[in-house]
Amino acid sequence: MTSPAILFVCLGNICRSPMAEGAARMIAAERGLGIALDSAGTGGWHRGEPPDPRAIACARRHGADISGLRARQVTRADFQRFDHVIALDPSNLDNLARIDPPASRARLSLLLDHMPGRTGQGVADPYYGGDPEFERAWADIHTGVIALFDRIAAQGILG
Ligand code: 4NP
């Protein structure tokens, strides 16, 4: 199977998508998968910033170090570079679909589309919450990434 390249996208690229990238890097390492992973935001307000300290702390509690990540805004070139562009919620999926070029290589989906029973659902934005909201987001993200990787293993994500 060809190793796919996967981009996770939320709004600010400082909470949910860096946690998704961190969880995915951890799970890929555990499974010995050579997957290219990155994250970005549909918005550019936090460009160049590290993840939110609450996201860094939450990821650290679960064994992932995301402190070295820096926020960036998604670009049209991302739709050529990545096989899968994975949105963290439906509003970001809508925004991605709007800028998705016609000859795009990437497939667009929601992270939770890959989780049985959660199709169409978003990972709730923890930005205006506290540690419990970040923990809830991490739980959804971690389970969603495992479901996504199980699908890669089962059917080949490029197939
Ligand atoms: P994220 O969370 O999309 O999970 O990174 C947010 C981060 C920043 C803002 C909103 C959501 N903001 O409005 O600045």
Side-chain angles (χ1 to χ4, degrees), residues 4-29 35-101 104 106-115 117-149 151-152 157:
I6 301 173
L7 179 69
F8 297 98
V9 181
C10 62
L11 180 59
N13 193 208
I14 56 167
C15 297
R16 291 164 293 175
S17 62
M19 290 201 292
E21 182 181 344
R25 287 189 183 282
M26 189 168 71
I27 296 160
I35 301 178
L37 296 161
D38 197 4
S39 63
T42 54
W45 315 284
H46 297 281
R47 199 179 275 124
E49 293 178 17
D52 186 288
R54 298 164 297 172
I56 293 175
C58 179
R60 186 169 289 136
R61 286 194 290 275
H62 295 279
D65 179 7
I66 62 169
S67 63
L69 301 182
R70 294 295 177 266
R72 71 174 182 88
Q73 191 168 19
V74 72
T75 68
R76 284 188 170 76
D78 286 324
F79 293 90
Q80 302 303 336
R81 286 175 51 215
F82 291 92
D83 301 292
H84 279 257
V85 174
I86 307 285
L88 272 291
D89 68 28
S91 112
N92 285 296
L93 183 68
D94 286 349
N95 287 330
L96 287 167
R98 211 164 292 135
I99 61 165
D100 188 2
S104 168
R107 290 184 190 178
L108 279 181
S109 63
L110 285 169
L111 179 63
L112 296 183
D113 282 347
H114 302 279
M115 212 165 127
R118 301 291 302 272
T119 301
Q121 294 182 20
V123 174
D125 187 353
Y127 187 65
Y128 295 103
D131 286 344
E133 284 73 23
F134 277 84
E135 285 296 325
R136 204 163 303 135
W138 178 272
D140 273 353
I141 286 166
H142 189 258
T143 318
V145 170
I146 286 173
L148 175 65
F149 283 10
R151 185 170 278 188
I152 294 171
I157 204 157

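Note that ligands are numbered from 1 as they come in the structure, with each ligand's atoms numbered from 1 the same way. Quick caveat, the model's predicted, so the values are computed rather than measured.
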**Asked** Would you say ligand 1 has an N or O under 3.5 Å from any N or O of Arg16?
**Response** yes
**Message:** Geometry only, no angles: is Pro126 polar-contacting ligand 1 at N/O separations under 3.5 Å?
**Reply:** no
What is the closest protein heavy atom to [atom], and at what distance does it sit?
{"atom": "atom 2 (O) of ligand 1", "value": "Asp125 OD1, 3.2 Å"}
{"atom": "atom 1 (P) of ligand 1", "value": "Cys10 SG, 3.5 Å"}
{"atom": "atom 13 (O) of ligand 1", "value": "Tyr128 OH, 3.7 Å"}
{"atom": "atom 8 (C) of ligand 1", "value": "His46 NE2, 3.4 Å"}

**Request:** Classify the ring geometry between His62 and Trp138 as parallel (under 30°), tilted (30 to 60°) or perpendicular (over 60°).
**Result:** parallel
**Message:** Please list, in number order, the atoms of ligand 1 under 4.0 Å from a heavy atom of Ile14.
**Reply:** 5 (O), 7 (C), 8 (C)
**Item:** Element-labelled atoms of ligand 1 that are located less than 4.0 Å from some non-hydrogen atom of Cys15
**Value:** 1 (P), 2 (O), 4 (O), 5 (O)
Keeping the roles fixed (side chain from [X], backbone from [Y]), state whether a donor-acceptor pair exists under 3.5 Å.
{"X": "Asp83", "Y": "Ala5", "value": "yes"}
{"X": "Arg16", "Y": "Phe8", "value": "no"}
{"X": "Gln73", "Y": "Gly41", "value": "no"}
{"X": "Asp113", "Y": "Thr119", "value": "no"}

**Item:** Carboxylate-amine/guanidinium contact Glu135 Arg61, below 4.0 Å
**Value:** yes
